[in-house]
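Only one structure is covered here, and it is reproduced in the block below.
Counting begins at 1 with the first residue of the sequence. The analysis underlying the following values was restricted to heavy atoms, covering all of them including side chains, and did not include hydrogens, waters or symmetry mates.
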Amino acid sequence: MRIINLSGTVNFMRLRMVTTIMSVVLLAGTIGSLAINGLNWGLDFTGGTLIEVGYEEPANLSNIRKQLNASEFDDAVVQNFGSSEAVLIRIAPREGVKSAQIGDQVLQALRTGDTVVEMRRIEFVGPNVGEELTEQGGLAMLVALLCILLYVAMRFEWRFALGSVTALAHDVLLTLGLFSILQIEFDLTVLAAVLAVIGYSLNDTIVVCDRIRENFRKIRKGEPVDIVNISLTQTLNRTLVTSLTTIIVLIALFYKGGALIHGFATALLFGVIIGTYSSIYIASSVALALGISKEDLMPPQVEKEGADMDPHP
């Protein structure tokens, strides 16, 4: 399937300086936001109380927030959950107060006048569990990047390995930066999405690297930049088809999937877009900057047994 019919080679690498500067600026903004704002950690990481309540009629979230603020729950996060009658309330840990007591206080604050509120569920996540999940999540991403570095170095060449890992780190950091700037809640589903972004971006990068290696071996004449441009042009339709079909599904999840997977869909949607960009510009640009050449990708010549013997003794 072809989305774009190309008659010639697209000069992608003509913009590599522009895209490099743009990526550096975005990464600087991301690191600054992470240092200043941090991430809006969900209850999976921070611990706290999650309460789901149900109303007989569509709930007014503004009134609910006012009622909770009046009862000293000004840090509560209130949102619809699945329907306009269901409300999810997230409350940070309270020292010396049990989860059941917090649930009773929230219900008491919401049951003003003749309002009928039903407690549907209440969950508590301890902060110690949250710290453990934070460490394991960061360790999982670090191990994934190291394993990818080793695989690509053995499968292709170390310059491609550094380019691939740079692209993956670029994608992960920018995705985290999006959540930091917008202060979207970062929970375990978002962490799973970030790890999925690593896999998606790697798959796209591996396809591009494989085509570059093939063309380096097939095309006898041509500068490395020209060969990279040819390879990216040849894989462009495949990249677009894969990305667009994935984006269509993620858009449906984003709008119709509900509050539970909203963060998951946001992370994947942004990650797929930025991963496609990094596969074209970041990985290839880093390999070129490190001086990749035809000689680096040619298979080693194997001398035949007896080739050095004199045929006429």
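- A ring pair (Phe, Tyr, Trp, His ring centres under 6.0 Å) check over residues 8-34, counting only residues at least two apart or in different chains, returns nothing.
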Should Glu185 and Phe179 be marked as a side chain to side chain contact (heavy atoms under 4.5 Å, CB included) after you check the CA-CA gap, both sets of side-chain angles, and the distance that decides it?
-> CA-CA 7 Å; Glu185 185 176 288; Phe179 277 75; over 6 Å; no
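- Across all non-hydrogen atoms, the minimal contact from Gly275 to Asp171 is CA-OD2, 3.5 Å.
- Between the side chains of Asn80 and Glu85, not a single donor N or O lies within less than 3.5 Å of an accepting N or O.
- Of the possible polar contacts, none joining the Ser201 side chain to the Ile198 backbone as a donor-acceptor pair under 3.5 Å is found.
- With rounding to the nearest 0.5 angstrom, the CG atom of Leu149 is 9.0 Å from the OG1 atom of Thr166.
- Residues Ser23 and Tyr277 have side chains that bring a donor and an acceptor to within less than 3.5 angstrom of each other.
- One finds the NZ atom of Lys256 at 13.0 Å from the CD1 atom of Ile251 (value rounded to the nearest 0.5 Å).
- A donor-acceptor pair shorter than 3.5 Å cannot be found between the side chains of Asn229 and Thr9.
- Between Ile184 and Thr266 there is a side-chain heavy-atom pair separated by less than 4.5 Å.
- Under the 3.5 Å distance criterion, with hydrogens and angles disregarded, no donor-acceptor pair is assigned to the side chains of Ser180 and Asn37.
- Minimum heavy-atom separation, Ala109 to Leu68: CB-CD2, 4.5 Å.
- By the 4.5 Å heavy-atom criterion applied to side chains, Phe254 and Leu250 are not counted as neighbours.
- A search for ring-ring contact (aromatic ring centres under 6.0 Å, His included) contacts involving Phe264 returns nothing, not counting sequence neighbours.
- Checked by atom type and distance alone, the side chain of Arg65 pairs as donor or acceptor with a backbone atom of Val78 at under 3.5 Å.
- Residues passing the salt bridge (Lys or Arg N to Asp or Glu O under 4.0 Å) test with Glu123 are Arg121, sequence neighbours excluded.
- Residues Ser278 and His170 share a closest heavy-atom pair of CB-ND1, 3.9 Å.
- Panel note: side chain Arg16, backbone Ser285; no donor-acceptor pair is recorded below 3.5 Å.
- A donor-acceptor pair shorter than 3.5 Å can be found between the side chains of Ser243 and Thr276.
- Inter-residue side-chain proximity for Arg90 and Gln79 is flagged as met; some heavy-atom pair is nearer than 4.5 Å.
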Step-by-step side chain to side chain contact (heavy atoms under 4.5 Å, CB included) determination, Met119 to Ile51 | CA-CA 8 Å; Met119 172 73 76; Ile51 302 168; 3.6 Å; yes
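- Cluster annotation: Leu173 and Leu146 are assigned to distinct hydrophobic clusters (Ile/Leu/Val/Met/Phe/Trp/Tyr, side-chain heavy-atom contacts under 4.5 Å, transitive).
- In this structure, Trp41 and Phe186 have perpendicular ring planes: the angle between them is above 60°, well past the 30° mark.
- Atom-to-atom distance recorded for Arg217:CZ and Asn215:CG is 11.5 Å, nearest 0.5 angstrom.
- No donor-acceptor pair closer than 3.5 Å links the side chain of Ser33 to the backbone N or O of Gly29.
- In this structure, the side chains of Ile212 and Ile230 stay at 4.5 Å or more apart for every pair of heavy atoms.
- Between atom CG of residue Leu236 and atom CZ of residue Arg238 there is a gap of 11.5 Å, rounded to the nearest 0.5 Å.
- For the atom pair Ile273 CD1 and Leu174 CG, the distance stands at 12.5 Å (nearest 0.5 Å).
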Under the side chain to side chain contact (heavy atoms under 4.5 Å, CB included) criterion, do Ile64 and Val87 qualify, and how do the steps go?
-> CA-CA 9 Å; Ile64 293 174; Val87 176; 3.9 Å; yes
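- In this structure, the side chain of Asp187 engages the main chain of Val190 through a donor-acceptor pair within 3.5 Å.
- To the nearest 0.5 Å, atoms CD (Gln105) and CD1 (Ile91) are separated by 8.5 Å.
- Within the 3.5 Å criterion, the main-chain N or O of Leu232 finds no donor-acceptor partner in the side chain of Arg211.
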